Every structure is written in structure tokens, then in C-alpha cells.
There are 4 protein chains.
Amino acid sequence: MLNDNTILEGGKFDVRGEFERSRQQTVDLIQGFTPEDCQAQSMEDASPAKWHLAHTTWFYEMMILKPFEEGFKAWNDEYAVLFNSYYNGIGDKHPRAKRGLITRPTLAEVLDWRKNINERIVTLYEKKSHPQLSWLIQLGINHEQQHQELLLTDMHHLLSQNSLLSMRVAEAKGDTGKAKTFEWVEGNAGSYQFGVMEDGFHFDNEAPNHAVFLQPHMMGNRLVTNREWLQFIEDGGYQDFRWWLDEGWTWLQATRVAQPLYWDRLEQGVFARFTINGLRTLELDVPVANVSYFEADAFSRWASSNIPEYQGARLPTEFEWEAFAQTHQLTVDDLFGHVWQWTSSSYAPYPGYRPWGGVAGEYNGKFMVNQMVLRGSSAYTPRGHSRVTYRNFFPTHARWQLSGLRLARDSH
Amino acid sequence: MLNDNTILEGGKFDVRGEFERSRQQTVDLIQGFTPEDCQAQSMEDASPAKWHLAHTTWFYEMMILKPFEEGFKAWNDEYAVLFNSYYNGIGDKHPRAKRGLITRPTLAEVLDWRKNINERIVTLYEKKSHPQLSWLIQLGINHEQQHQELLLTDMHHLLSQNSLLSMRVAEAKGDTGKAKTFEWVEGNAGSYQFGVMEDGFHFDNEAPNHAVFLQPHMMGNRLVTNREWLQFIEDGGYQDFRWWLDEGWTWLQATRVAQPLYWDRLEQGVFARFTINGLRTLELDVPVANVSYFEADAFSRWASSNIPEYQGARLPTEFEWEAFAQTHQLTVDDLFGHVWQWTSSSYAPYPGYRPWGGVAGEYNGKFMVNQMVLRGSSAYTPRGHSRVTYRNFFPTHARWQLSGLRLARDSH
Amino acid sequence: MLNDNTILEGGKFDVRGEFERSRQQTVDLIQGFTPEDCQAQSMEDASPAKWHLAHTTWFYEMMILKPFEEGFKAWNDEYAVLFNSYYNGIGDKHPRAKRGLITRPTLAEVLDWRKNINERIVTLYEKKSHPQLSWLIQLGINHEQQHQELLLTDMHHLLSQNSLLSMRVAEAKGDTGKAKTFEWVEGNAGSYQFGVMEDGFHFDNEAPNHAVFLQPHMMGNRLVTNREWLQFIEDGGYQDFRWWLDEGWTWLQATRVAQPLYWDRLEQGVFARFTINGLRTLELDVPVANVSYFEADAFSRWASSNIPEYQGARLPTEFEWEAFAQTHQLTVDDLFGHVWQWTSSSYAPYPGYRPWGGVAGEYNGKFMVNQMVLRGSSAYTPRGHSRVTYRNFFPTHARWQLSGLRLARDSH
Amino acid sequence: MLNDNTILEGGKFDVRGEFERSRQQTVDLIQGFTPEDCQAQSMEDASPAKWHLAHTTWFYEMMILKPFEEGFKAWNDEYAVLFNSYYNGIGDKHPRAKRGLITRPTLAEVLDWRKNINERIVTLYEKKSHPQLSWLIQLGINHEQQHQELLLTDMHHLLSQNSLLSMRVAEAKGDTGKAKTFEWVEGNAGSYQFGVMEDGFHFDNEAPNHAVFLQPHMMGNRLVTNREWLQFIEDGGYQDFRWWLDEGWTWLQATRVAQPLYWDRLEQGVFARFTINGLRTLELDVPVANVSYFEADAFSRWASSNIPEYQGARLPTEFEWEAFAQTHQLTVDDLFGHVWQWTSSSYAPYPGYRPWGGVAGEYNGKFMVNQMVLRGSSAYTPRGHSRVTYRNFFPTHARWQLSGLRLARDSH
């Protein structure tokens, strides 16, 4: 899959069409799920599908209709509190850990609300009453796309918590073929420019464009696979402190993690994996997913010492990744659409970074601490939401996202 | 309300009729609630309504159909795990704190399962194939009645967690009249017999009948009211260590409790109360509810020192309560049906206590530690489930039940 | 050892002599320990030896010198806060969990303070200026005796936390002989009087004397031994839910307890025990010690089902124990001085109980919830501090005291 | 204070002299403290002074004597476990949170051990038996210097936990004069080299020397003062979410932090500060100390919006700091010796970083995650331990170190 950043094509971007498609897309995602499935919250990090449907609607109501619609009246005043995620600037919030307790409004009522807001946004947009509207709707679309991915990761996690669904193993879907032969590809060294340059939509954290000096290095031509991860497990990788960051080792002792999330040991050396469609035999030649930064980092250290061709392996920096993606989009086919790829870069502001003004200023900047950057995109990322400058970020212990890794190494 | 123990009337008891009525009664309780309402679990102590509907069905399937039905085949094998509450003897359990994550089966599927089990129980019963069946079905009815009360207390708690429902205060329903004038009533002293004597259904913890020696004492002729509790609050009762057990004081500091559960301070000295129908102005002349043992005990100590007529007030023992109820059923009208009444008795086995045999042996005995006995019954207790020997029990910090208090004192 | 209640002998009691002896006794206990040993606090439940030395001094200063000494001036004003244990009536307290951080005053300074207070108490007492003084000093002596026992249990626990001391096993001291053959002894049934009758010193929780009706029952003629406990372990007793209270089973899963505190598994079926003098081979024929209520209760249930002679075994009530001790003091030699004996009685006020007046009112009453009564006394209890009416109490999970058990059963 | 990196002067460095001086220096630090003071551990992050004395000795015994001394025999085998800090490669460890429970060996015994090891190290060194010895002893000296600083920060924290020492406020020592007038100083932009270049001793995390591209920026000519911090407090800075990172805001709600550690509000707007010598009136014109990264970051955001001259203020990156220190050592006198200065740089390996070989490999690398870099040095840093390339690091909530801040901003 190529970098499908059609959304960035400035004036040619069909705002109304993309708005309606993305709004419908979220509703499509819950086909096959019941009101009960859409109600439950499996852990504090995750949110109910109903909440995602509501919050993305709240975002349009608060960020666009409230400031720009003449004679604005909220669909329901209390929803402003119920479906606020983290915008302190907008007011009170329902506690994050208790999103699964919002049984009212029902799913059907949330869908009604969605329709109402959709119509009002289109009406407002057609009037072209304010120059910022087009950008704000693009922000709303991108915001909703992020929640589409979260809706899937959160539903995946929820289903995994139901003992009933994890009692029987089915065969995985069919032949995925052998993984590509591993090769090191020369990266670009020296001073390069990074971050967004075009005029199209991008998040504030992708700017400003700026120079970074890269040391000579090599990049892996493909992602690390389940087969390779299995070797790590079988070699006792989860039991050997030498591969682990100190905080990762502590995390391992506390959580007793010994395999990627959703892996289920059936017998010695044989695993199943819980997918969003149920428990399946493990496909060995696909990219490993649902590993934390701690695990990705430990794997690279282990691989460097134990697999001859991986000698010197480490995680790439986000700039090494971006330079690689810029120059290899046409030859490397797993940059996007499989798993997010952990980098060794802490999530930090680019030099000269300015958060957006107004309440949107809380969108990204306030999370820039104690998180690591992931690059690329995953099988759950909606089409049109990937680009080479895109910066995803999660804490070092998070593993309920489709997160995997690509290796890098210094070159000599 | 009198002690309505018609269920105890031995041979005359209409097993099939009571079975069908009690099964229908649980389904009736969720009228007006949505699948979403029935899905959510508001805290570890509480369970989703759907879980109560399922677990009471599981009980009949595991305790009666499985051992007695010829050619028994489970409706769904996995349900044995999903809907086990605490019977280690029956096998694995879905974790208690994660009952809200069982989104499948849906509510509709659980109701289908209920119908199937109902029919099979009636068929089995009509065959009269085993002498124990009548008793087991009575156990099943009593078990379901307990869960009917829990379904209401848990739904009450769940709704209270939804910010939307607690934003507007409505007037309470109308005039409840003044509370009865308080009077001390002489209790019976000396050696009395306690616990069940009749042949009808009773729980194992109500037996054996045995002698206890009572000191001379007096009992309050009515329950403590919201008006009295308000005095306690206004006098700084929640801020004065003198009234509190040491563990209660620690609990108070940790939880910052300063009023009964569901009370909401509107302004100085004016409270609303969250009811299962929403937020209402506080009715002052009704019994206080949703207080913990710590609070009930502290109130009695405060009242003894601060209200002249309550001098010497304390909580009654469960035997003082039972003797009082035996002798005053016709003259005191708030023994049952308003709030459970905390006693100063730890929940302990009666001398010579024997738990039931088989898996039902886990029903009561294993909980006999670190809990206090409550007597009477509440507005949420189903008709037919109250009796003077009934022993309810909860830990000293629990307050999501309709729990209040009646005072006692030594007499000299 | 007989019930050595010489302290109760009213007028003949040598107040000054006993005061001086008990004050010296505490100082004697720390011989062989360093200032460092006396400084550290191994857990929140335990206190440093230095704190015990200081707090018992604080007690005399606050309870006797402050109200009765003319021109009273505190040795150091800040000590009133530093060494208050739990008397809210006296004022602020240093946090309990941080007693090990009170490095100043030093041990030497605390010993100086002790001398000063000792002299002033004797001076005050010799003046006979107040009739309550004699009683208050007896209270002080009894209070200090309780802390003498705690000083030893706490030091024992502290030393067990030092990896250095638990690296080498020494032989236990010598032959303890075989345990006495087990026999059931008939208990007394019917209505008996319990609690203190004499005029001598006793705690408020031992009064008032009152009648309790006892069912027919039998008592074990000796305490449960390590050899018997080993059988329980070897039979998988810690892994079988059937023997455990529900809360005990939860505690077991959370703590991974699988043997008495201080036992150290050397190899399959062979244990050492950490004593206050270091790690020793386990003596099989002495009473088991350092077990929680949960464990004692589980053992009795297991023994009832697995050891023919123990059929029907359970823990005695505190009244069964007291009646047994009253009538068998001369024939049963392990009632006192070995291990405290868990009873099945919750720690509750006797009928008509009145806490002492003034600040001493916080001594006992406020702890009467969620604890179980232990009777007898232990090897760490100072001489002169045991009596048949004495009520010790601890929460159901506590096990750092020398706590064991004697079995009882119903008789038919 | 200039960058006093005399230790780096290669061949001229007096290894034996520096060794003996640094060993004596640690013992000198505990003059005036008692064995009790040296025993206690005030929190898991801190260690007892006795432990620091022992661990620095353990380091020499394990890292130098064990591999290089002929016929090596440990002073005490158990010490290898007791005084291991975090070297998994060396074997078991006594749990970090329980270092205050190691009452044996005593302080005196630890001092004896120190003497023995000192003599053996000198003997070994004089034989010049191995080329690596000189470097290893320099490592030991640097390691001990780090623990000298920790010994002081940890003792400071311990004393602050003793209610007795914080009851009386004394006057601060005297006139510190007005703080220097604030000015922005132009930083150097473009590509520069960072990290160690010389041959002298340095930690592995300071290498390799490498190029980083710096954007145009300005640096503050002095550190932020208590007077400025007081303005932040008085303006409600701790109560306004706008200044805080999301994780910082959560930390603030959980901990109720509202002022730097060791500040004690005497009355509105008047503070004392607990120093290692006791409670003192707050000196307004000295650098603020004991603030976390979250606080430093929030202050800079607040200052940027509220203090005209600080418009655009932010924390510097570690490279901005290093470039500033290289070029302004002679003109800016608070780079070293006052407080460590938080930077906005995550603690990460430099490109091409290689941890040291052997067990020393655990020294730095495994901590490179979820921590921020601090530059400079503090009043507690021993002489000879500062240099412009030195990288200190702590988690974002840590505040018991002498940590403050210097502001930076982009230049336009």
C-alpha cells in the first residue's frame, strides 16, 4: 500500500464528500456488533464503540457548530460533559474509566444525534460562511479516522475479555505465503529535512519542517514476523534480563507478560492468536503485532546478539524511518497498512513547534512526554489516514494497538 | 408489612406456581431498561442486570437439570464458566470484576435461554422423579429472589454513575407524612430460642435453633430517619473521631465520605437523593438508607451523647432484633419492607451449624467472617422473601444496599 | 504455666516495685540489639523497638504526669506528637507507617527520657496525692507489658527481613520431646458467667461479667503442632478451596501464602523456621505459631475431614475457651505461655460494656470490629500479664504474632 | 564555579590520591549524623546513608578485587546480595524498598569493611598488575561521587520526614543579595558536535561525539529563582490546567502537589523551606530547587504567557544547554554547583552508543527510557564531578534532587 495522502491535495479535496464518507464509515464499522458490544469498556485505556460514535459527533458540535452556527442550540446540553475526552478548555468531563457506565443515551439515540449533526455540518459548510470551516472539517475527518482505528482496537480488546469467545481455536484464513527474505537497506546519512512541507491537512505535531543530522545506518527491508518472535520466546527472551530496559524488566515481573498480547499458548511452542474474529491458529509469516515498546526494544537487543544477520540491530529513530519511507515508498510494501512501527524516538515537539490555537491546542502538545513515536500505519487505520510524516505515539507499556517493529542498525 | 413467609407453609406451597411467578418477576424488573442498561457493571461489588438474569438460570441448570435431567445437555457449555458466581466446586469462573465485559450472549439470547430452562424445570418437576426436587426448586426461587433485590440495588448504583441522570433535581413524590414519635420499647431478657423451627424452606445459616441469653434492653419503636441523620451531619458527626470505630475513621479519611450514599448536597443543609428514578429532593421523614455499618455505629454513638431521648443508644444484636420482631410483628410496621437494619452481630455460624451438602455447601458458610448481620428486609426485597429469622450480611463498609438502622439500649 | 495473675491481688500489689520492674524489663529486652536494630520498622503493623521504648514513656507522661504533676513541664513538647500511637483525643500523631523515620531522638536520648519519667512517676506516687494514681500506674504497667510483647514480635519480624540473617540454617536447640497424645476433653454446657469478677486490674474489654449459654462441646487437650501442620501442607491444604473461607481464599491467592510465616522450605517436606535467634531446623512437636485466623480456620476444617480423631473439629468460641481454662488450669499445661489461641469469636463488646472515661476510652473499644479474639498468652508475653479472662485480638490476616490454635468440636 | 574536570586530565591524574580522598569524603559526609540517621530509608527512591557507604564499597570489591586480586576472598559472602544495587549480572539483590531493614551489619561494621577494601585496592593498584585498573578505579571514584550526592539528597529527605525537625522555623543564613537581572543570551545555531572528545574519564552515555543541528535560539543568563516561582504559585499556576502536560496534570491531582518539595506554607504568600539543617525562612533570590520536570515545564509555559520578558520561554534541549555551557563557561556563573537543570531532552542513547562491556554494561544504558536529562550540577555534587558533557537523568515526577531550571526560547 502506498502512502495514500489524497487528503493533502489542497483545493482539490472534496470536503463534503469526504465528510459524509468518513461519517458513514464509522457507522459501518459497527455492523455485526450489538448494542451490548458497543456499550462495554474493557479497560481504562479503551473506550466503548458507542462512546467513539458519540465523541466524534461531540467534536463537530463543540468545535464547529457551537462557534459558527447561527442560533446554535445543543442537541442535549449534558452530552457536552458526557462525551468530552480530554479538553479541559471545554469544561467538565465524565471520568474516563467510567465510559462504559454511560448506558444512556442508547446506541440508537447516539445514531440519531449523529444524523442531526451531519445535516447541520453540511448545511453550515454549504453556506461557506467562514474561511476556517474547510480546515476544521478536515480536522474533524482526521479526528474521526483516528477514532475509527481506536474503535477497532478497543473492540478487539473487549472481545478478548469474554471467556466465551476464547474457548475454541479456528484455523487462520489461509495461506499468507512465506515472508520476504530479510535484507539490510542503506539509509540516507547527513542533514535532511523532516516534517510536513505541503499545504494540505496535517497535525500540528508534524510541523515545523526542520533539519536533522542522520548518522550512517541501515534499515530492514521488512517487518519482524511472528516466526522470528517465536524464536525469541523459545530462546527464553522473556526470562533473560540482559535484553530488557530496567523499567521493562520491572514491568515484566509485575505483569508476568511472556508473549505478545492476544497470543494464547496451546502447547509447548504452539500458539493461537485472538483476532477480532475469534481465536485463530498463529500465522507465522506475518508481522508480529500487539507488542509493547519494552518488548520491541528487547527483541532488537536479543536479535542483535543471537541472529547473525541481525547483528547490531536496534529500533530506528523516527527520522531514520521517515527518510527511509520517503525514499523507498515504491519498493518496500509494508511501510503502511500492517502494523505501526515502534521507533526509538521519544514523542517530543519539533523545534519551533506551536500547538494550534483555541481548544484544539489540547489536541497533541500536552501529550508530549513519556511516550514513544510509532510510524507507518496498521491494518486498522482507515484508508486516507496514512502519510510519511504522520506521528503516532503511545506509552512504553501499551500493547493493545497493532504495534510491531522494523529493525535498523548503524552502518560501518 | 407483616412477615410474609407463606413460602414456609410446607406441603401447601405451590412449587410450580411460585417457580413460574418468580421467574417472570425477574424479567418484569427490567421493563423500562435497555440492553445497554442491562449490560454495564458499575463496580466490582455489583453485577449487570443481564448477569443476574443469566446467573439465576445457570443455577437451575447446574443444580437441578445437570444432576436430575435424563440425557442432560447444556444449552451452551461455555455458560457454565461465564455465569458461575462463586461456586469453586463447579469449576472455573469468569472474573467477577469483568462481568460487564460479557457482551455475548446478548440480553435477547439470555432471555431465550431462560425460557428453555424454565420449560425443562417444569417438565422435570411434573415427573416428580426425585424427592429432593421440590426443595431444590424452593432453593432456586429463594436464590432468584435474592438476585432480584441485587438487580435493583445494582441498577440503582449504575444509574447513579451516569453524569447525565444526576444533573437535574425533581421533587420527591409527595407527602410521606411525619415520622412516628420515637419511643423505647422493652425487649425480652433471659434465655430465648433463636433460629428456624418450622419445616418450610430456610437457609442453612438460620439453623440450628438454639438458646441465647439476653440482657435486659430496650428497642426503638421505629427506624432512624433522614431528618435525624441530617442533624448528625449538621453537628459535624462525620468530622468528629469520637463517634467512630478506629477502622471506620480510617475508612472515612480514605473515602472522604461525608453523607449517605446517593445524597447530593445542593446547598448548606439542603440535600437531594439519587433514586432509581433519578435525582429527587430529600424526604426527611423516611428511614435513612444506604449507610454503612461504620456510619450506623457512629450515628448511634453520636445520638447517645447528643439527643437526650437517645441516651445509651447503640445498635441491637441480631438476637435482640429477632426477639423484638417475634413479639412485636403486629404493632411495629417498619420491621420489613423499608430498609435492612444493621445489627452489632458479626455474621457467624450458629452453634452446631452444618452447611448444606454438595455444591450448595458454598452458599453461605464460607462468607462467615468479617461481615455484619442485617435483619428485616428492604423496599427492594421481593414479596415472600422476608422472615424474622432471615440473616442478611455485608462487610462494614458496604453501603449500596438499602441499609439503615433501628436503635437499642441497655435497660437498668 | 499457671495463670499468673498476681497483679490482680488488689491492695497487696506492690505498685512501685512492679512499676520499676516493668520499666527495667523493657530496657532489658533490647540487650544485644544495636541502635540500628532498634531504629527500623519492618512494616506498617510493626513498630521500631525504640518507638516502643518511647511510646510507653509517653503514656506515663501524658496520662499521669500531665494531669497530676504540679508544675508539669514536658521533657520535650514535640514528643507528644512523635510518640502518640492512636489517641486522637490527645492530638496530632506522627504517621504510623513512618515510625522508622524518627531517627531523632536517638536511642540514647530515649533512654534518658525514660529515666527522667521513671523518677517523676515514683516521686508523684510516693506523695499519694490522688486516689486514681495507683490504678493509672497499673494501667501503665499493663500497657508497657503489651508493648514488651510487641517489641519482641516486631523485632522478630524485622530480623526476618534481613537477607543476611536468613542465609544459614542452624540446628534447633535440642530435644523438645514428643507432643502429648491428643484427646478430647468434655467442655461445660449450659449458662455460665464470663468476664472479670475480681477487683484487681483488668482491661475494660473483660467486663462486665455476664451470662452466656454454651452448647455441649469438647476441647482439645493440647495445641496443634508443627507436625500436624506439615501434614496439612503435604496434603495440599493451601491449594484446596474447600477448607477456606471465601475471604481467606482470596487472601491466599493475593499473598501466595503456602506455609506459616517464618517457615522456609529447604526441600520437599523439609522446613526451617526463622526464630528471633536466626534460622533453625523446624521442631515438629511444638505448637504451630505465626498462622493467621484464615489458616487456623482452614486447618480445623481440613483436620475434621482428614484426621479420624479430629472429626468435627472447629475453633472454639472465646467462651468455650474461657470455661475450659477456668476448669482445667491445673491439668492442661499449654493454656498460657506458648502461643495465643485463635477463637471463632469476633472481638465485640460484652453486654453492658462501657469504655473507660477520658482519653483512656480510646484504649480498646474503638477496635471492636473486624477482628477475632485470641485467648491464652505466648512465649513472648511477659510474666504477670496472663489471665483466663484476657482478650487479645487481631485481624483475620495477621500472622506476625505468636498465634496458633487449639481445636474444639460439638458433642452429641 | 567553573567546570572542574581535573579528573579528565589523563596521565596526570593522581589515581591513588583521588581514590583515598573520595573514600574519605564519603565518611566525612556522615559526621554529625548518628547510626540511627544512617539506618533509615525514607522512601523507595532513596537509600540509607549506611547503604551508600556499603554499596560504594561493594562496587570496589565486586568490580575490581573479585576479578583482579589474587586469592580473592570476600569480606563477607552475604554482602554481595545485601549491597547490590541493580546489577542483575552479579546475582541476587536485597529488595530496594527494604534497604532500611538491613540493620546488620551496623554502621561501625560497614566502616571497618570500608577500611579493609581501601587497603586492598591501594595494594592492588600499586602492583600495577593490570592496565585496566586505573580506569576501573576512576570509575569507582565517579561512582562513589554520584552516591555522595545521593547520600545528601536522601538524608535531606529523611530528615524532612521527622515531625520533630519541622516544627520550628529559623532564619535563613544571611543576605544572599539580589538575583542577577534576567537577560536572553544568543545561542549558537547550525550543526555542532556534542559529547565527549577527550581521553579522560567519562561515562558511556556521554559518547560518542556526534553532530546535532540546532535551530536559532536564546538562553537565559541565570536560573529561575524562588521569587519567580512564588509569583507562579500566587498566580494560581498549580491550579490551571493550561500550563501542564496532561500526565503532569494527572500527577498533580493525584499527589496534591502545590509547591516545590520542602516548601512549607506558613501563611498566605509566606513560605519556609526545609533544608538539610532544618526549617528556614525562604530565600527569594536563590535558584528554585526540588521541582519535578512537570513543574519546570509548566512554569516555563506560564512564564511565557504571563511575564513579558519571558515570552516564548521553554526548557532548553540538552544540546542547547551544552552548546551554551561550552561557550559561556567564563561569563555565566550558575551553570554548575547550584541546581541541576531540567532539559526538554529525553534520556536516550547518542547515535552509535555502545554500553561498556561486562557487568558495568548495566551502569547507564538500561535506564534510557521514560527519563529526562538534567545538565549542570548542584550544591550537593562533589567537587571534581561536574563537566559540560555530563548527563544526569530522572523520571518526570522526581523532585527530591536539587533540580531547578534555566529557560530558553526560539529566536526570530
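For clarity, every value in this text was computed on a predicted model and none was experimentally measured. Each chain gets a letter, A, B and so on, in the order its sequence line appears, and its residues count up from 1.
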Under a 3.5 Å cutoff, is there a donor and acceptor pairing between the side chains of [X] and [Y]?
X: D:D204; Y: D:Y353; answer: yes
X: D:R406; Y: D:Q341; answer: yes
X: A:N364; Y: A:W356; answer: no
X: A:D235; Y: A:W302; answer: yes

Looking only at heavy atoms, what is the nearest atom pair of A:F324 and A:G220, with distance? CZ-O, 3.8 Å
For A:Q311 and A:R409, which heavy atoms make the closest approach, and how far apart are they? O-CD, 3.3 Å
Are any non-hydrogen side-chain atoms of A:K366 and D:W249 less than 4.5 angstrom apart? no
Backbone N/O of A:F83 and side chain of A:H55: donor-acceptor pair under 3.5 Å: yes
So which of A:F241, A:W244, A:F367, A:F213 has the largest heavy-atom pair count under 4.5 angstrom toward chain D? A:F241
Which of A:P349, A:G248, A:G361, A:G89 touches chain D most, by non-hydrogen pairs under 4.5 Å: A:G89
Atom group of A:D410 that falls short of 4.5 Å from chain D, counting heavy atoms: side chain
Between A:A348 and chain D, which part of the residue has a heavy atom less than 4.5 Å away: side chain, backbone, both or neither? neither
Can you list the residues of residues 293-301 of chain D that sit under 4.5 Å from chain A, counting heavy atoms only? D:Y293, D:F294
